[in-house]
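Bear in mind the structure is a predicted one, so any value in this text is a computation, not a measurement.
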Amino acid sequence: MPRMQILNSLEQQEFESPPLFNSAERKKFFEFPLAITEIVASLTTPTNKVCFLLLVGYFRASKRFFFRQSQPNDIAYLAASLGIEPEVISISTYAKETYGRHRRLILDFYGFREFDNLAQTLIRQQISSMVCCQLKPKLIFFHIVDLLSSQKVQVPGYHLLSSLVMEQIKAYKQTIIKNLEAHITESGKQLLDDLLERAVVDAVSQTHRYRLTLLKKFPQ
């Protein structure tokens with residue numbers, strides 16, 4: 001059985017990619033307070049300076065981090081603001097250890113925390129309540145993204161969030177099945193099976209419909 005996809009491939013790609021700014025948004029999210037510019041001044045290489053500011057701008061916009069991911073126009077904009085030639089920026093040389101250190105600096109500066117085990121526990125509870133309310137998985141997914149942002153928790157990647165949502169959906173279905181198995185009688189099972197049999201609804205055209213669909217009543 002194929003694994004359920006909450007977002008389609010294009011939506012996943014968009015979620016996992018840095019924000020695509022227009023000129024006004026670029027100016028807004030890449031305008032930094034003095035404390036951030038002081039950190040940049042302490043960095044030694046042009047690549048680290050630009051990559052750090054990319055992380056800050058993208059985090060402000062999405063509450064997410066993107067390692068070695070960027071939009072070309074953003075690199076050109078930040079390089080120009082720092083008086084650096086874009087050609088000297090090499091995103092591929094941005095070290096993972098440096099990236100981790102920069103992440104912690106940004107989280108501390110903006111008062112956010114990592115998506116840790118405590119955050120996962122709280123999110124599972126929220127997802128469980130939404131699943132019980134029969135909300136669509138995609139709606140649950142984006143509700144959780146908004147909730148994490150409002151609680152000042154860094155938003156993780158698509159696969160982690162989607163796995164948490166699907167985990168709770170699976171648990172909810174298993175609970176329903178367990179309750180049915182514990183309480184439904186054999187006669188009740190037979191009645192439910194009967195609803196999935198086809199019945200003739202038009203003798204002339206020999207139209208058949210499942211008995212379950214015949215229970216629908218239109219209010220008008």
Side-chain angles (χ1 to χ4, degrees), residues 3-21 25-26 28-40 43 48 50-71 74 78 91 94-172:
R3 182 182 177 87
M4 182 180 72
Q5 295 292 324
I6 295 177
L7 303 182
N8 63 39
S9 57
L10 289 177
E11 290 169 330
Q12 288 182 40
Q13 183 179 357
E14 182 179 356
F15 186 80
E16 294 283 60
S17 300
L20 188 59
F21 296 145
E25 291 167 337
R26 190 171 294 109
K28 173 185 175 182
F29 290 112
F30 290 145
E31 183 175 349
F32 306 106
L34 179 60
I36 293 294
T37 58
E38 289 176 345
I39 293 174
V40 173
L43 302 178
N48 284 354
V50 169
C51 286
F52 176 75
L53 291 180
L54 284 170
L55 288 180
V56 175
Y58 292 156
F59 181 79
R60 291 179 63 198
S62 65
K63 307 304 181 285
R64 295 195 59 211
F65 291 107
F66 302 90
F67 178 52
R68 292 182 181 173
Q69 291 178 273
S70 62
Q71 304 291 355
D74 297 336
L78 290 172
I91 299 294
Y94 186 46
K96 194 168 186 178
E97 295 77 12
T98 305
Y99 163 72
R101 187 169 64 253
H102 289 175
R103 275 174 49 123
R104 291 188 292 273
L105 284 171
I106 294 166
L107 289 171
D108 289 343
F109 181 80
Y110 287 102
F112 273 67
R113 59 189 176 91
E114 297 270 4
F115 188 74
D116 53 15
N117 291 334
L118 176 60
Q120 286 199 36
T121 300
L122 295 175
I123 287 304
R124 281 190 175 94
Q125 295 170 356
Q126 294 293 328
I127 294 173
S128 178
S129 65
M130 287 188 277
V131 168
C132 291
C133 294
Q134 300 291 314
L135 292 184
K136 292 182 178 180
K138 184 183 291 189
L139 192 58
I140 295 174
F141 181 90
F142 286 112
H143 270 316
I144 293 304
V145 171
D146 291 340
L147 178 63
L148 288 171
S149 298
S150 67
Q151 295 295 315
K152 306 202 77 161
V153 178
Q154 168 220 330
V155 177
Y158 167 77
H159 292 291
L160 176 53
L161 277 185
S162 64
S163 66
L164 291 174
V165 174
M166 290 186 286
E167 169 192 289
Q168 294 306 309
I169 291 174
K170 181 179 179 181
Y172 179 67

* **Residue among Phe112, Phe67, Phe65 satisfying side-chain contact (heavy atoms from CB on, under 4.5 Å) with Arg103** => Phe65
* Asked: Is a side-chain donor or acceptor of Ser149 paired with a backbone partner of Val145 at a separation under 3.5 angstrom?
  -> yes
* Asked: Can the ring centroids of Phe29 and Phe21 be said to lie less than 6.0 angstrom from one another?
  -> yes
* Supply the atom-to-atom distance Ile91 CD1 to Gln69 CD, rounded to the nearest 0.5 angstrom. => 10.5 Å
* Check whether any side-chain heavy atom of Ser62 lies under 4.5 Å from a side-chain heavy atom of Val155, and answer yes or no. => no
* Ile123 side, atom CD1; Leu161 side, atom CG - distance, nearest 0.5 Å -> 8.0 Å
* With sequence neighbours excluded, residues passing salt bridge (charged side-chain N to carboxylate O under 4.0 Å, His left out) with Lys138 -> Glu11
* Structure fact -> When rounded to the nearest 0.5 Å, the distance separating CD1 of Ile127 from CE of Met166 is 10.5 Å
* **Under the ring-ring contact (aromatic ring centres under 6.0 Å, His included) test, residues paired with Phe141 that sit two or more places apart** => Phe15, Tyr158
* **Residues forming a side-chain hydrogen bond (donor to acceptor under 3.5 Å, both in side chains) with Gln168, sequence neighbours excluded** => none
* To do: Hey, could you give me the CZ/NE2 distance between Phe52 and His102, rounded to the nearest 0.5 Å?
  => 6.0 Å
* **Any side-chain donor near an acceptor of the partner, Gln5 and Gln12, under 3.5 Å** => yes
* To do: Could you tell me whether Phe66 and Phe59 have their ring centroids closer than 6.0 angstrom?
  => no
* Does CD in Gln13 sit with more than 12 non-hydrogen atoms of other residues, nucleotides or ligands closer than 6.0 Å? -> no
* Can you tell which of Leu147, Val131, Leu164, Leu148 makes a side-chain contact (heavy atoms from CB on, under 4.5 Å) with Gln126? -> Leu147
* Asked: Can you name the closest pair of heavy atoms from His143 and Leu135 and give their distance?
  -> CD2-CD1, 4.2 Å
* Any residue meeting side-chain hydrogen bond (donor to acceptor under 3.5 Å, both in side chains) with Glu167, in chain and number order, not counting sequence neighbours -> Arg124
* Structure fact -> Distance col, row Ser70:OG vs Leu55:CG, nearest 0.5 angstrom, shows 10.0 Å
* **Point-to-point distance, once rounded to the nearest 0.5 Å, from CD of Gln71 to OG of Ser17** => 7.0 Å
* To do: Might you work through the side-chain contact (heavy atoms from CB on, under 4.5 Å) test for Leu53 and Thr37, ending with a clear yes or no?
  => CA-CA 9 Å; Leu53 291 180; Thr37 58; over 6 Å; no
* **Partners passing side-chain hydrogen bond (donor to acceptor under 3.5 Å, both in side chains) against Asn48 (at least two apart in sequence or in another chain)** => Thr45
* May I ask you to say whether Glu31 pairs ionically with Arg60, meaning some side-chain N is under 4.0 Å from a carboxylate O? => no
* Asked: Of all heavy-atom pairs between Leu122 and Arg113, which one has the smallest distance, and what is that distance?
  -> CD1-NH2, 4.3 Å
* Asked: Taking Lys63 for the side chain and Ser150 for the main chain, is one N or O donor matched with an acceptor at less than 3.5 Å?
  -> no
* Asked: Is Glu14 atom CD crowded by more than 12 heavy atoms from other residues, nucleotides or ligands, each under 6.0 Å away?
  -> no
* **Minimum side-chain heavy-atom gap Leu105-Tyr110 below 4.5 Å** => no
* **Residues in side-chain hydrogen bond (donor to acceptor under 3.5 Å, both in side chains) contact with Tyr172, at least two apart in sequence or another chain** => Gln134
* Test item: Tyr58 and Arg64 side chains (from C-beta on) under 4.5 Å apart, heavy atoms -> no
* **side-chain contact (heavy atoms from CB on, under 4.5 Å) evaluation trace for Lys136 with Ile140** => CA-CA 6 Å; Lys136 292 182 178 180; Ile140 295 174; over 6 Å; no
* N/O donor-acceptor pair under 3.5 Å between Glu38 side chain and Pro33 backbone -> no
